[in-house]
Amino acid sequence: MVYGCGSAGLRIARAAKGAGAETLVAGRDPGRTAAAAVALDVPWRSSPVDDPARLAHLLRGVRVLVNTAGPMALTAPALMAACLRSGCHYVDVSNELAVFLEAWPRDRAARHAGVAVVPGAGFATAVVEALAHRVLGKVPDADTVTIVRSAPGGTRSDGVRGTSSALLAAGGWSYEAGQLLRAPDTILSFDLPEGSRAAVPIGSGEVFAVAHSSGVPNVSAYYTSRLGPVLSRLAVPLARQWARAGLRLPSRSRQEPTAGSSGSPSRIWLRASNRGGAAAVGWVEASGAEATAAIAAEAARRLESGGTVGVLTAGELLGPGFPLGIPGTRLGGVAAVPGRANEPDA
């Protein structure tokens, strides 16, 4: 079952159905859900996330739920709890740190229920975990990972804008010596494949996922800004206040992306280093929407086959090979670099 009938949900449901899985869609809005079901020629159900009895009925007979309804910080806790009560595997496409922090205390309950809870089964986290695995293999005893996400162009769905606003509202978070700490709003400049770019610190799910799956004690993440260093230093505090007030980031277009469109590619650049100064960098580029559909559908398929229980990252479930092997994914620059090259400049 795919819960959420936005562009991500439609892609995942179509990918799952195309792979031969018995698929149905669900959502909060009966009209929108029914329309999606007709377009995909699959059954549908509807329930709000705040009604445990209706959620139990929604999940009757369902083996795996894939949650695509954002903001995930609002929908994930209730749907995780419903899945544990119903004995149903839970997967989502979140990149919100709050969702990962919500998931991990449920590990014992998930094991007791005989199900798995897998947040972050999408491009934003699974591909980053896979890239981190590749780059960390070039640096012995690496203790620091820096992730920089380049903003794609094109239109953004309501779900993407909601997640972006949630990340802005949460502020920057990073792991330092194994501890999750709030990061200062320091705008840094990075020498990326596309040139020098200013970047804003974010507290995203990939920070948790990489720290958890790799064991590296220092992990931070940034999102490139189109404004440049000076304007970014002025605009970011205002944008965070705007997001905390509950206002979503504006869309570049009034047109919602269709299930068949993929938008501009997203790029992740990653650097790993150790205390001795050895370092390696790498980058990966793909259509985030298409990669997310493939990753979520594959995660659901593996869980349905049985044998996996507890809370784990998508990278731990899928391994490093699958996310980087998705058609259309480009991997580049995975190599050691001399000295302290590519250090960020304040």
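These values consider heavy atoms only, across backbone and side chains, with no hydrogens, waters or symmetry-generated copies.
Thr292 contributes a side-chain N or O that, together with a main-chain N or O of Phe123, makes up a donor-acceptor pair within less than 3.5 Å. With Ser214 contributing its side chain and Val216 its backbone, the two residues share a donor-acceptor pair below 3.5 Å. No donor-acceptor distance shorter than 3.5 angstrom exists from the side chain of Thr308 to the backbone of Ala116, with no hydrogens or angles considered. Of the possible polar contacts, none joining the Thr224 side chain to the Ala199 backbone as a donor-acceptor pair under 3.5 Å is found. Between the side chain of Thr329 and the main chain of Gly325, no donor-acceptor pair closer than 3.5 Å is present. Between the side chain of Asn274 and the backbone N or O of Asp143 there is no donor-acceptor pair closer than 3.5 Å.
Looking only at side-chain heavy atoms (C-beta outward), Leu180 and Tyr175 come within less than 4.5 Å of each other. Arg54 places a side-chain heavy atom less than 4.5 Å from the side chain of Pro48. Between Thr125 and Thr313, every side-chain heavy-atom pair lies at or beyond the 4.5 Å cut-off. Residues Asp41 and Lys17 form a side-chain contact, since some pair of their non-hydrogen atoms from C-beta on lies under 4.5 Å apart. A heavy-atom distance below 4.5 Å is not found between the side chains of Leu131 and Ile147. When side chains are defined from C-beta on, Arg45 counts as touching Val62, because their heavy atoms get closer than 4.5 Å. A heavy-atom distance below 4.5 Å is not found between the side chains of Phe100 and Val311. Contact check for Leu79 versus Leu59: no side-chain heavy atoms found under the 4.5 Å cut-off.
Annotation for Ser86 and Ala56: closest pair OG-CA, 4.2 Å, computed over non-hydrogen atoms. The shortest heavy-atom contact between Ile187 and Pro201 is CD1-CD, 4.5 Å. Listed here is the closest heavy atom pair of Leu331 and Leu324: CD2-CD1, 4.3 Å. The heavy-atom pair separating Tyr3 from Ser47 by the smallest distance is OH-O, 2.6 Å.
Relative to the six-membered ring of Phe322, Arg302 meets both conditions, a distance below 6.0 Å and an angle of at most 45° to the axis.
Between Arg301 and Glu298 there is a salt bridge, since at least one side-chain N of the basic residue sits less than 4.0 Å from a carboxylate O of the acidic one.
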Does the side-chain contact (heavy atoms from CB on, under 4.5 Å) test come out yes or no for Val117 and Leu84, once each step is laid out? CA-CA 9 Å; Val117 173; Leu84 294 182; 4.2 Å; yes
Step by step, would you call Val284 with Leu270 a side-chain contact (heavy atoms from CB on, under 4.5 Å)? CA-CA 9 Å; Val284 63; Leu270 187 144; over 6 Å; no
Pair Leu188, Tyr222 - check side-chain contact (heavy atoms from CB on, under 4.5 Å), show working. CA-CA 9 Å; Leu188 300 179; Tyr222 296 81; 3.3 Å; yes
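For Lys138, the NZ atom is loosely surrounded, since the number of other residues' heavy atoms within 6.0 Å does not exceed 12. Residue Glu194 qualifies as enclosed at atom CD: its count of foreign heavy atoms under 6.0 Å is above 12.
Test Asn67, Asp92, Asp50 against Thr75 for side chain to side chain donor-acceptor pair (under 3.5 Å) and you get one pass: Asn67.
To the nearest 0.5 angstrom, Glu129 atom CD is 10.0 Å from Glu206 atom CD.
With no hydrogens or angles considered, no side-chain donor-acceptor pair links Glu96 and Ser94 at under 3.5 Å.
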